[in-house]
Amino acid sequence: MKKVKKAVIPAAGLGTRFLPATKAMAKEMLPIVDKPTIQFIVEEAREAGIEDILIVTGKAKRPIEDHFDSNFALEMNLKEKGKDDLFKLVTEITGLNLHFIRQSHPLGLGHAVLQAKSFVGNEPFIVMLGDDLMEDKVPLTKQLMDNYEKNHSATIAVIDVPEKDVSKYGIINPGEEIEENLFNVIDFVEKPKINESPSNMAIIGRYLLTPEIFSILENQKPGAGNEIQLTDAINTLNKTQRVFAKRFTGTRYDVGDKYGYMKTSIEYGLRHPQIKDDLKQLILDLGDEIRKQKKKVKEY
Ligand code: G1P
């Protein structure tokens, strides 16, 4: 059995939910407090034991490449000034086996993953979406890899979402729960209507796929939103080989829209050694203020 050593991070999206901030800047570089979101993803891959990462980029994404490269002038400057902590921060993420390819036509997630065909070759591999930050004792990517070692099958991470949200996600029609939180899947459906959704179990941004997905993607017709959907290709893959769904029981932070991004920033800020005390105080003060305002409204 081949070991899982490679990961693909699609990062060619236009980031329209964050305009104008993303007009000339990659949304993957938006920081959570002080770390670009894509760095969290790369760190999760590294922690899981992934050896090579391909980032699929597009227009305005050069800063991603620069971020993971060394910055000699900055490093010298920090060294000379004795700022060892900052030196460590900027150098610890360089020197990874990162590869880049451009997706010239953003035709959908399935099309982005197809760009990884020659990088991946004939091996199982991981796909990680940058909008989802995952926290658990064992990184979710590693959980999928462990499952592959046991079952030799593609495995897709899912969570339960409120019914009203199903049309934002790829949804599974779960079959039997073969062990705790591991499901056979009958169908995968991309962004179903609420009243047509087979369940409320939504695909989140971690996939362990087998290389057979590529020949399916090559012939994949556009689906939801007129885009080439990875979910549709996985549904076809599931007809010829078993694809599992693994329910994630850790914490997922959705940084793909403004509210999720703000919420995550606040939660991470409350753990950040430099700002946590001030931020906590600010939140307490704001809470008091909001309660006072609410009381006033009631008194009228
Ligand atoms: C993509 C996938 C979808 C998945 C979601 C998870 O959708 O197509 O199946 O549920 O990511 O975040 P997007 O959010 O890019 O529209």
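Order of listing sets the numbers, starting from 1, for every ligand and every atom in it.
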**OP:** With sequence neighbours excluded, tell me which residues meet side chain to side chain donor-acceptor pair (under 3.5 Å) with K292.
**Re:** none

**OP:** Answer yes or no for K79 and F87: cation-pi contact, defined as NZ/CZ to six-membered ring centre under 6.0 Å and angle to ring axis within 45°.
**Re:** yes

Original post:
Hey, which of L182, L208, V158 is the one that makes side-chain contact (heavy atoms from CB on, under 4.5 Å) with K246?
Top reply: L182

Original post:
Around atom NZ of K117, are there more than 12 heavy atoms of other residues, nucleotides or ligands at under 6.0 Å?
Top reply: no

Original post:
So which heavy atom on I9 is nearest to which on I38, and how close?
Top reply: CG2-CD1, 4.2 Å

**OP:** Answer yes when R252 and D132 have at least one side-chain N-carboxylate O distance shorter than 4.0 Å, and no when they do not.
**Re:** yes

Original post:
If you count only heavy atoms, which residues are under 4.0 Å from ligand 1?
Top reply: L109, L129, D132, Y169, G170, E190, K191, I203, Y207, Q229, T231

